Number of protein chains: 2
Amino acid sequence: MQKEISQAVIRRMPRYYRYLGELLDDGVERISSNELSVRMKVTASQIRQDLNNFGGFGQQGYGYNVQYLYEEIGKILGLDRQHNIIVVGAGNMGQALANYVKFEKRGFVITGLFDVNPALAGLSVRGIEIHMMDELPEFLKTQRVDIAVLTLPKEKAEQAAEKLVELGIHAIWNFAHLDLELPDDVVVENVHLSDSLMQLSYNIVRRQDDK
Amino acid sequence: MQKEISQAVIRRMPRYYRYLGELLDDGVERISSNELSVRMKVTASQIRQDLNNFGGFGQQGYGYNVQYLYEEIGKILGLDRQHNIIVVGAGNMGQALANYVKFEKRGFVITGLFDVNPALAGLSVRGIEIHMMDELPEFLKTQRVDIAVLTLPKEKAEQAAEKLVELGIHAIWNFAHLDLELPDDVVVENVHLSDSLMQLSYNIVRRQDDK
DNA sequence: TAGATTGTTAATCGATTAACAATC
DNA sequence: TAGATTGTTAATCGATTAACAATC
């Protein structure tokens, strides 16, 4: 088992990936930690320190090859493989995510939508069928699912999460406004939109008070 | 001007608010930092340290009054006032957010949707009209807008953000997949969904590799 | 009053930044 | 080779945890 890498570092990796992708699009071939630090508004030291958690991707006197580093970070983030995704909760948010095609380019493929609302049964979003929750066991028997996106209201989310884990799901992208209590081997990533909005609100109020 | 409070602390405040709200719903009158720490899986020390950034809300030998603390954190987060919001980008994500009524309960009221796509002109979501971007100056002249939600694709987002700031917007909730370069007095809160998904992906891959 | 628990200071831990020897 | 820039160790800074005196 490799040494544990702090979540602070992990959180920065997608941002590096994004900037390197832009550099690649701009036809930039090599970049030094210093140049990159100016663009990204972080220290060059942090960039080198972060990358060296995963390996020595650079070369003294030269810097980093953009293409190579981009691909390596992609691999670190698991973007070199396909992730099959189901969306549990086919309301507005679930449908919006299902319609978002950019994820697919990165290997995140939505293969099914699920809901409890019978009014949605048989409908589909961008060609992806909406199933009822009771079809889930059969669905998971016949195909691999790597990630379940949880976009149910919080009253239904806890129970659905437990069901998902019971059926063998090991990764949940949780949009419900609660902390899921699940076994340790289940990976959960939370998107708490209202927390984010409150943070914004705090910063607005503070700016006004400071004046 | 009060002393600067770290963003690490701010990020935790909405979570305290959520747990206190649940306690309130459960009819709990008082709670000690220790009891709360068990529920929230953080240290009691951190709770007391965090809260004391804003004031002494507790009482020795008693703990914290749930109702009182809930309200005080609400005030800190600016939930005691109304925030008028416009959504710029009336695609799937914009419409999903406009349909999400829970924000309204916390004082975040969406008063208009904007887009550049003429096909959407005149339509409305949950009674909120979709305007064209060129109506924005007039709209902002006639009513107060505190927050602009940016749900445009990244190619259009930068320009729209500049326009918004030019027209007097000081707070942006940014869902576009880029870092906005805006003046210091503009508050930006980012929701980078693909970053979040990549973090999840990283943790999935790592768990598999560890085995 | 005695017991409980805060508010706050001090100690520890971890993350960031600086410095520089290694090396391309 | 000389110059540039990494990889990595050491120093600093900030955040978290522990401890305890203050006090309800």
Side-chain angles (χ1 to χ4, degrees), chain A residues 2-16 19-20 23 28-73 76 195 199 202-203 206, chain B residues 2-16 19-20 23 28-73 76 195 199 202-203 206:
Chain A
Q2 71 249 53
K3 74 163 182 293
E4 201 67 28
I5 291 160
S6 84
Q7 286 297 315
V9 174
I10 308 305
R11 233 176 295 126
R12 288 193 288 268
M13 297 309 288
R15 188 155 179 265
Y16 292 134
Y19 274 81
L20 286 163
L23 287 167
V28 178
E29 211 171 88
R30 56 170 283 269
I31 193 155
S32 69
S33 57
N34 210 68
E35 290 172 87
L36 190 57
S37 79
V38 172
R39 283 180 183 252
M40 296 188 63
K41 292 174 180 158
V42 296
T43 62
S45 211
Q46 180 164 78
I47 292 174
R48 295 204 298 278
Q49 200 66 275
D50 281 353
L51 295 178
N52 275 87
N53 279 295
F54 302 99
F57 302 125
Q59 194 166 86
Q60 282 97 331
Y62 172 83
Y64 299 89
N65 178 285
V66 174
Q67 169 94 50
Y68 175 69
L69 186 56
Y70 178 76
E71 280 167 15
E72 286 302 312
I73 296 180
I76 290 165
D195 288 17
Q199 243 178 279
Y202 169 84
N203 285 311
R206 193 201 42 170
Chain B
Q2 70 250 48
K3 74 162 180 296
E4 201 67 25
I5 292 161
S6 85
Q7 286 296 316
V9 174
I10 308 307
R11 233 177 295 126
R12 287 193 289 267
M13 297 309 288
R15 187 154 180 265
Y16 292 134
Y19 274 82
L20 287 162
L23 287 168
V28 178
E29 211 170 87
R30 56 171 283 270
I31 193 155
S32 69
S33 58
N34 210 67
E35 289 172 87
L36 190 56
S37 80
V38 172
R39 282 180 185 253
M40 295 186 65
K41 292 173 182 157
V42 296
T43 62
S45 212
Q46 180 164 77
I47 293 174
R48 295 203 299 278
Q49 200 68 275
D50 281 352
L51 296 178
N52 276 87
N53 280 294
F54 302 98
F57 301 125
Q59 194 166 84
Q60 283 96 330
Y62 171 84
Y64 298 88
N65 178 285
V66 174
Q67 169 94 48
Y68 175 69
L69 185 56
Y70 179 76
E71 280 167 14
E72 287 302 312
I73 296 180
I76 290 165
D195 288 18
Q199 242 179 280
Y202 169 84
N203 285 311
R206 192 201 42 170

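A note on names: the letters A, B, ... follow the listed sequences, proteins ahead of strands, and every chain is numbered from 1. Values below: all heavy atoms of this structure, side chains included; hydrogens, waters and symmetry mates excluded. Because the structure is a prediction, the values reported are computed rather than measured.
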Student: Could you state the CG-P distance from B/L51 to C/dT5, rounded to the nearest angstrom?
Tutor: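 Going from B/L51 (CG) to C/dT5 (P), I get 16 Å.
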Student: Indicate yes or no for a side-chain donor-acceptor contact from A/R39 to the backbone of A/L23 under 3.5 Å, with no hydrogens or angles considered.
Tutor: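 No, the answer is negative, given that no donor and acceptor are paired below the 3.5 Å cut-off.
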Student: Please confirm whether the backbone N or O of A/D50 pairs with a side-chain atom of A/N53, one donor and one acceptor, at under 3.5 Å?
Tutor: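 A pair under 3.5 Å: yes.
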Student: How far does OH of B/Y16 sit from CD1 of B/I76, to the nearest 0.5 angstrom?
Tutor: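 Those atoms lie 11.5 Å apart.
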Student: Hey, what do you get for OH (B/Y19) to CG (B/L36), rounding to the nearest 0.5 Å?
Tutor: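 CG of B/L36 is found 9.0 Å from OH of B/Y19.
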Student: Please check the phosphate of D/dT16 (OP1 and OP2 only) for any side-chain N or O of B/R12 closer than 4.0 Å.
Tutor: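 Yes.
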Student: Could you work out which one of D/dG7, C/dT17, C/dG7 sits closest to the side chain of A/Q46?
Tutor: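 Among the listed nucleotides, the one closest to the side chain of A/Q46 is C/dT17.
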Student: With hydrogens left out and only the distance checked, is there a donor-acceptor pair under 3.5 Å joining B/E35's side chain and the base of C/dT5?
Tutor: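 Answer is no: no donor-acceptor pair is held.
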Student: Using the closest heavy atom to pick a nucleotide of DNA chain C for each, name whichever of B/I31 or A/V42 lands nearer the 5' end.
Tutor: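 Comparing both residues, the 5'-ward one is B/I31.
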Student: Is the phosphate of D/dA18 approached by B/R48 (side-chain N or O, under 4.0 Å from OP1 or OP2)?
Tutor: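 For D/dA18, OP1/OP2 do not have a side-chain N/O of B/R48 under 4.0 Å.
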Student: Does a side-chain N or O of B/Y64 approach OP1 or OP2 of C/dG7 to a distance below 4.0 Å, or not?
Tutor: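 So the side-chain polar atoms of B/Y64 do come within 4.0 Å of the phosphate oxygens OP1 or OP2 of C/dG7, strictly under.
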Student: In whole angstrom, give the distance that lies between atom CD1 of A/I47 and atom P of C/dA18.
Tutor: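 The answer, rounded to whole Å, is 13 Å.
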Student: Contact class for A/S32 vs. all strands (heavy atom < 4.0 Å): base, sugar-phosphate, or nothing?
Tutor: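 Here A/S32 touches the backbone only, sparing every base.
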Student: Figure out the CG/P separation between B/L36 and C/dG7, and round it to whole Å.
Tutor: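 Taking atom P of C/dG7 as the reference, CG of B/L36 is at 13 Å.
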Student: In this structure, how many angstroms lie between the C1' atom of D/dA22 and the CD atom of B/Q59, rounded?
Tutor: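 After rounding, the gap between these two atoms is 13 Å.
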Student: Could you tell me whether the phosphate oxygens of C/dA18, OP1 or OP2, come under 4.0 Å of any side-chain nitrogen or oxygen in A/S45?
Tutor: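 No.
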Student: Could you tell me how far apart A/R11 (CZ) and C/dT16 (C1') are, to the nearest whole angstrom?
Tutor: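 These atoms are roughly 14 Å apart.
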Student: To the closest 0.5 Å, what do you measure between CG (A/L51) and CZ (A/R12)?
Tutor: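 Between A/L51 CG and A/R12 CZ, I get 10.5 Å after rounding to 0.5 Å.
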Student: Which nucleotide in the set D/dA22, D/dT6, C/dT17 lies at the smallest distance from any side-chain heavy atom of A/S33?
Tutor: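 When the side chain of A/S33 is considered, D/dT6 is the closest of D/dA22, D/dT6, C/dT17.
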Student: Where the side chain of B/E35 meets the backbone of B/S32, is there a donor-acceptor pair that is under 3.5 Å apart?
Tutor: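 Yes: the side chain of B/E35 pairs with the backbone of B/S32.
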Student: Any idea which heavy atoms bring B/V9 and B/F54 closest together, and the distance?
Tutor: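 Heavy atoms of B/V9 and B/F54 come nearest at CG1-CE1, 4.1 Å.
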Student: Do A/I10 and B/R206 have side chains that approach each other closer than 4.5 Å (heavy atoms only, starting at C-beta)?
Tutor: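 Not in contact.
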Student: Could you give the CD-to-P distance, from B/Q49 to C/dA11, as a whole number of Å?
Tutor: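 Distance check: B/Q49 CD to C/dA11 P gives 14 Å.
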Student: To the nearest Å, how far apart are B/D50 CG and D/dT16 C1'?
Tutor: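 Computing the B/D50:CG to D/dT16:C1' distance gives 10 Å.
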Student: Are any of B/Y62's side-chain N or O atoms less than 4.0 Å away from OP1 or OP2 of C/dG7?
Tutor: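 No, no such contact exists.
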Student: Suppose we call a contact any N or O donor and acceptor under 3.5 Å apart; does that hold for the side chain of A/S6 and the base of C/dA15?
Tutor: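 No, no donor-acceptor pair under 3.5 Å.
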Student: Give the dot-bracket line for DNA chain D from 5' end to 3' end: parentheses for intra-strand Watson-Crick or G-U pairs under 3.5 Å, square brackets for crossings, | for inter-strand pairing, dots for unpaired.
Tutor: ..||||||||||||||||||||||
Student: Whole angstroms only, please: what is the CD-C1' distance between B/Q60 and D/dC20?
Tutor: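 The answer, rounded to whole Å, is 12 Å.
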